[in-house]
Amino acid sequence: MHRILSREALAPDVVRFWVDAPPIARKRRPGQFVIVRLGEGGERIPLTIADADPKRGAIALVVQGVGKTTRDLNAMEPGDAIQDVAGPLGLPTKIEPGQRVCCVGGGIGTAVVLPIARAVREAGGHVVSILGARTRDLIILEDDVRAVSHTCVVTTDDGSYGQKGLVTDALREAIAKAPEPFHEVVAIGPLPMMRAVCELTRPLGLRTIVSLNPVMVDGTGMCGGCRVTVGGEQKFVCVDGPEFDGHQVDFGELMARLTAYKEQEAVACARHPVAGPFTPAW
Amino acid sequence: MRSASGGGAVHARVVRSMAKKITQKTKTPMPCVDPAVRSRAFVEVASGYTEEMAVAEANRCILCKNRPCIAGCPVEIDIPKFIQKVAEGDFEGAFQTLTEKNVLPAICGRVCPQEDQCEKLCTLGVKFEPVAIGRLERFVADRAAAFGSQSDSGTSPQPTGHKVAVVGSGPAGLTVAADLAKMGHSVTIFEALHEAGGVLMYGIPEFRLPKEIVQREIHGLERIGVELKVNHVIGRTFTVDDLFEELGYEAVFIGTGAGLPHFPKIPGVNLIGVYSANEYLTRSNLMKAYKFPETDTPIVHGRRVAVIGGGNTAMDAVRTALRLGAEHAYLVYRRTEHEMPARLEEIEHAKEEGVEISFLAAPVGILGDDRKRVCAMRCIRMELGEPDASGRRSPVPQPGSEFEIDVDVVVFAVGQGANPLIRSTTPDLHVNKWGNICADAATGATEKKGVFAGGDIVTGGATVISAMGAGRRAARAIDVYLRNPLPDGV
Ligand SMILES: Cc1cc2nc3c(=O)[nH]c(=O)nc-3n(C[C@H](O)[C@H](O)[C@H](O)COP(=O)(O)OP(=O)(O)OC[C@H]3O[C@@H](n4cnc5c(N)ncnc54)[C@H](O)[C@@H]3O)c2cc1C
Ligand SMILES: Cc1cc2nc3c(=O)[nH]c(=O)nc-3n(C[C@H](O)[C@H](O)[C@H](O)COP(=O)(O)OP(=O)(O)OC[C@H]3O[C@@H](n4cnc5c(N)ncnc54)[C@H](O)[C@@H]3O)c2cc1C
Ligand code: FES
C-alpha cells in the first residue's frame, strides 16, 4: 500500500501527487517510470516518476486523466492508498556532463521532461526549454521548468499565453539563435509532436531523444505488449527504453498500436462516475 | 461421501489381495466437465477423483519390486508408498508421504507431464495403461486441503538467524523458500508482479489450475514465516548487490523464470491483435481480462484466433481463446502431433473442446486492414526432414504451398529468451550465450559468491517440477553454505 501524501491540481484534468514509496524514491533516476495498480481488478498503468524525495521516501507522479484508471487516480485524495507501485522501471536517461540540451515538453510530457532538464543542469549542462500546449490552462509546471533552465519559451496553439504557435516553431528559432549548436534535443509529448520534432531535426543531423508511451502490462519485459520498431528492430519499451533515438522510431506503428483497445476503453470510461470529454492522451 | 469412505478402505484391502493377479487394464477415467460447457467457461476441466475412484486406481499398483516410478520423479516422491496408503484408505498418511518430498502436490498433480516422467516408467504400463499417479497425487492433495491437513514438515524449527533472499515466486522460488524456512532460516521472496506464483498465476489458466490452489500454497508459505514482497523488481528496486550490502541477506536465490517472449521475424507481428502468449495469458489470467469491464484490463476478443506453437503455452492460449468467445480457435504447429511437447491430456482436452489443429504449417506473414488490425495470416506447409539437435525431425517448408486463413487475433507461443534485468545489473553473474544464468546443476551455485539460481532462468523454458527440483537442490546447498560460508574469493 502506498499512501498519497499530497495532491495538487496543475491544470484541468492534470494532478501532481506525492506518493509514499521509499525504496523507489532512493533508487530512481531521471527517465524512469513506475507501474501503478490502484486496487483489486485494476489495470496496471505506467507513469513517469516526475520527481523524488529520498529523505521523505516519496515520489511525485503527474497524471493526466484520459481514461478509467487515470481518472480514478486523479479523484484520489491525500491519505488514500494506491495498492501497487512497482519500479523504478526502464533505463534512466543518459546524461553526460556539460551538454547543451534543448528540452521540449508538450502537454503532460512536460512532467517527463522536467526531471531530465534538472539532471542536465545538475551535470553542468546548458538547458533551453520549450513548453507547449493547446491553450494557456494546459501549460503545466512552468515555474519548475524555468527554475532549472537557462532559457524557457512557452508556446500555445491559440496564442492565449506565450508565443502563438507550435513547439516546433519555437524549436526552429532556438536552433537558429543558439550561439553554439545543441548536442541534443529531448522531446516528450504527444506522438504527433514528437514526430514533428524529429522531422525538423533529422535533416539537421541533430540527435533527438524521445520517450515512448506504448500500452504496457508487466513493465518487466515479460509480455512484449510494449514492443515498438526502432531502426527496423523490435524493442521492448519497458526494458530497452522508454527513451530512444527519435530519428529511428516508427511512430506510425506506435500510433496505430495505441488504438488497440479504443472500444473497450470507451466502455470502461462510460462506467466511470466522473466521465468527462474523451481527450487524447499524451 | 464420507460414510462411503470407511467402507471403501475395508473394501480396498480385500481388492488389494487379488490386485496382483488381475488388474484393471486402463486408468480409472477422470471425471471432466462436458466439453461443450467448459469450452465457454473458465471452470476447471477435470473435477478430480472421488475416494472410491482413488482407491480403485491405487489398487491397480502391483507393488513391483524395483519401483521404477520413483526414478522418473524429479523430486523423488516415494510413489509406491503414497499409493499404497491411498489403497488402504489412509489419505492423511498418503499426504504426509507426498509432502515429505513435494511442497506443491495439488499443483504438480495437475500440471506435471506424468506421461514423460513417473508414469512412463510404471511397470504396469509395459502391458497396460500405467497407474494414474498424477491423478492420485492431485486427489490426495485436494482431499488434504478440504480437510485442512497440514504437512508435518511444516512444524516450526529452531531459527538459525540466517537471512536469505529469493528472487521470483514461481515454483523454483516457492520451493527454495519453503525448504529454507523449514530449516529455520529467515526467508524473503521478492516478486516483480503484484501477485506471487509466477507462471502458475499469470500463465497457466484457471481452467487447468485454479488460482485458489496456488494462493493456498502461498498462504502456507506465509504461515511458516516466509516474508513475501510483491512489486519488487530486482535489478531495479534493488540490485542483487543491494540485497547483500544494503539489506543484509547472506545468500540470494534467483528464480526469475523465462523472460522475454520471442516473435518470429515475419511481416505483420506488430499489428493490433498480435500477442505473445505471455501477454494474452497474463491479460486473461492475472489481470482477469475475461471479466472486463467488471475488471479494467481489456483484451482483443477474436472471432477467429490462431495460436502458433505446440507446447503447453500454446494449448493454454488456444483454449483461452475459445473461452473468450472465439468461433474458431486454430492451433498452427510446424511439426506433427507426435512431436508436440504439450501434455497429452491437454491435447486431448483441446480437441474435445473444438480446437482446430493445423499440423505441418507455419506462418510466413500476418496481414492487416486499414486500421492496422489483423485480418488474415499467410502460412506455408511443412514436411518433416532429418532430425535436428534436439532429436526431433525438423520441419522443411514446401515451396509453393502457401495458403491464407482469415483470423483477427494471432498469438505466438514460440518460446522465450532470458530477461535482461538481473544480468544487466549484476556484472559478475555469468550467463550463457542465450542469457541464461550459469549455475551448477547439483547445487544451483553460480560463479558469484552467495548467489544461487534455478528454474527456467537457468534451463530455459522447462517444467514446474524441474523448477521445483532445482529449488530443492539449491535449498540444500544454501543451507550448507550458510552454515559454513566459503572464505572470500573462493
Ligand atoms: C513509460 C510511460 C510513462 C508514462 N508516463 C505518464 C505520466 O507521467 N503521466 C500520465 O498522465 N501518463 C503517462 N503515461 C501514459 C499513461 O500510462 C496512460 O495515459 C494510461 O495508461 C491511460 O490509462 P487509462 O485507463 O486512464 O486510460 P485508457 O482508458 O486505457 O485510455 C484512454 C485513452 O488514452 C490512450 N492511452 C492508453 N494508454 C496510453 C498510453 N500508454 N500512452 C498514451 N495514451 C494512452 C488511449 O488510446 C485512449 O485514447 C505514460 C506511459 C508510458 C508508457
Ligand atoms: C502458459 C504456460 C503453461 C505451462 N504449462 C505447464 C504444464 O502444464 N506443466 C509444466 O510442468 N510446466 C508448464 N509450464 C512451464 C512451467 O510453468 C515453468 O517451467 C515454471 O513455471 C518455471 O518456474 P520458475 O520458478 O523457474 O519461473 P516462473 O514460474 O516463470 O516464475 C518466475 C517469477 O519471477 C518473477 N520475476 C522475474 N524477474 C524478476 C525480477 N527481476 N525481480 C523479481 N521477480 C522477478 C516473475 O514475475 C515470476 O513471478 C508452462 C508455462 C507456461 C508459460
Ligand atoms: S510491458 Fe510487458 S514487456 Fe514491456
Side-chain angles (χ1 to χ4, degrees), chain A residues 2 21 23-24 26-28 32 34-35 37-45 67-69 72 83-91 215 217-229 234 236 239-240 250 252-265 267-271, chain B residues 191-195 202 229-233 235-239 242 246-247 256-263 265 269-283 286-289 291-301 368 371-373 412 416-421 424:
Chain A
H2 300 261
I24 302 176
R26 265 193 310 250
K27 206 63 180 190
R28 81 96 210 193
Q32 291 187 299
V34 287
I35 292 268
R37 195 180 71 127
L38 300 183
E40 277 324 307
E43 197 176 4
R44 294 170 63 94
I45 66 159
K68 164 89 169 58
T69 308
D72 281 348
Q83 183 158 329
D84 302 296
V85 179
L89 300 171
L91 298 174
V215 175
V217 183
D218 56 303
T220 65
M222 180 271 280
C223 79
C226 63
R227 63 195 185 276
V228 292
T229 306
Q234 183 179 79
F236 288 4
V239 287
D240 301 322
D250 184 341
E253 179 183 276
L254 177 54
M255 283 179 193
R257 283 183 67 78
L258 277 172
T259 67
Y261 302 105
K262 250 200 157 72
E263 284 113 36
Q264 285 108 318
E265 282 154 359
V267 171
C269 250
R271 289 167 57 99
Chain B
E191 166 56 48
L193 294 173
H194 60 264
E195 268 181 37
Y202 74 70
K229 286 186 180 280
V230 293
N231 295 319
H232 279 67
V233 186
R236 292 278 186 260
T237 318
F238 297 107
T239 62
D242 292 341
E246 231 178 83
L247 302 180
T256 50
L260 268 357
H262 287 318
F263 293 89
K265 288 198 166 44
V269 290
N270 291 347
L271 289 166
I272 298 171
V274 181
Y275 287 106
S276 72
N278 277 4
E279 181 179 2
Y280 195 68
L281 292 168
T282 300
R283 282 182 181 273
L286 183 71
M287 306 310 297
K288 305 268 179 280
K291 293 190 186 157
F292 181 92
E294 193 189 311
T295 54
D296 292 344
T297 304
I299 193 164
V300 177
H301 285 253
R371 296 186 310 157
K372 303 268 193 233
R373 285 172 184 259
F412 286 103
Q416 18 199 321
N419 192 295
L421 286 183
S424 63

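Chain letters run A, B, ... following the sequence lines, proteins first and then strands; every chain starts at 1.
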Measure [X] against the heavy atoms of chain B and call it side chain, backbone, both or neither at under 4.5 Å.
X	answer
A:Arg28	neither
A:Arg257	both
A:Val215	side chain
A:Val217	side chain

Partner chain A: residue of [options] with the largest heavy-atom pair count (under 4.5 Å):
options	result
B:Tyr280, B:Phe263, B:Phe292	B:Phe263
B:Val233, B:Thr282, B:Asn270, B:Asn419	B:Asn270
B:Lys288, B:Lys291, B:His194	B:His194
B:Asn278, B:Leu193, B:Asn231	B:Asn231

With sequence neighbours excluded, residues passing salt bridge (charged side-chain N to carboxylate O under 4.0 Å, His left out) with B:Lys229
B:Glu227

To the closest 0.5 Å, what do you measure between CD (B:Glu191) and OG1 (B:Thr256)?
10.0 Å

Quick one: closest heavy-atom pair of [X] and [Y], and the distance?
X	Y	result
B:Leu260	A:Gly221	CD1-O, 2.9 Å
A:Pro23	B:Thr237	CB-CG2, 3.9 Å
B:Tyr275	A:Arg227	N-NH2, 4.4 Å

Most contacts with chain B, counted as non-hydrogen pairs under 4.5 angstrom, among [options]:
options	result
A:Glu40, A:Lys27, A:Glu263	A:Lys27
A:Gln83, A:Arg26, A:Glu253, A:Arg44	A:Arg44
A:Ala86, A:Ala260, A:Ala256	A:Ala260

Side chain, backbone, both or neither of B:Leu271 within contact of chain A (heavy atoms, under 4.5 Å):
backbone

Please look at B:Ile299 and chain A and tell me whether the side chain, the backbone, both or neither of the residue comes under 4.5 angstrom of a heavy atom of that chain.
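Interface part for B:Ile299: backbone (N, CA, C, O).
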
How are the rings of B:His232 and B:Phe238 set relative to one another: parallel (under 30°), tilted (30 to 60°) or perpendicular (over 60°)?
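Rings of B:His232 and B:Phe238: parallel, as their planes differ by under 30°.
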
Using a 3.5 Å distance criterion without hydrogens, assess whether the side chain of A:Asp72 forms a donor-acceptor pair with backbone atoms of A:Thr69.
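Not confirmed, A:Asp72 side chain does not pair with A:Thr69 backbone.
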
Take B:Thr297 and A:Glu43 through the test side-chain hydrogen bond (donor to acceptor under 3.5 Å, both in side chains) and record every step on the way to the result.
CA-CA 5 Å; B:Thr297 304; A:Glu43 197 176 4; 5.0 Å; no

Test of understanding: with side-chain hydrogen bond (donor to acceptor under 3.5 Å, both in side chains), list the residues that count as partners of A:Asp240, not counting sequence neighbours.
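Checked A:Asp240 against side-chain hydrogen bond (donor to acceptor under 3.5 Å, both in side chains); zero matches.
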
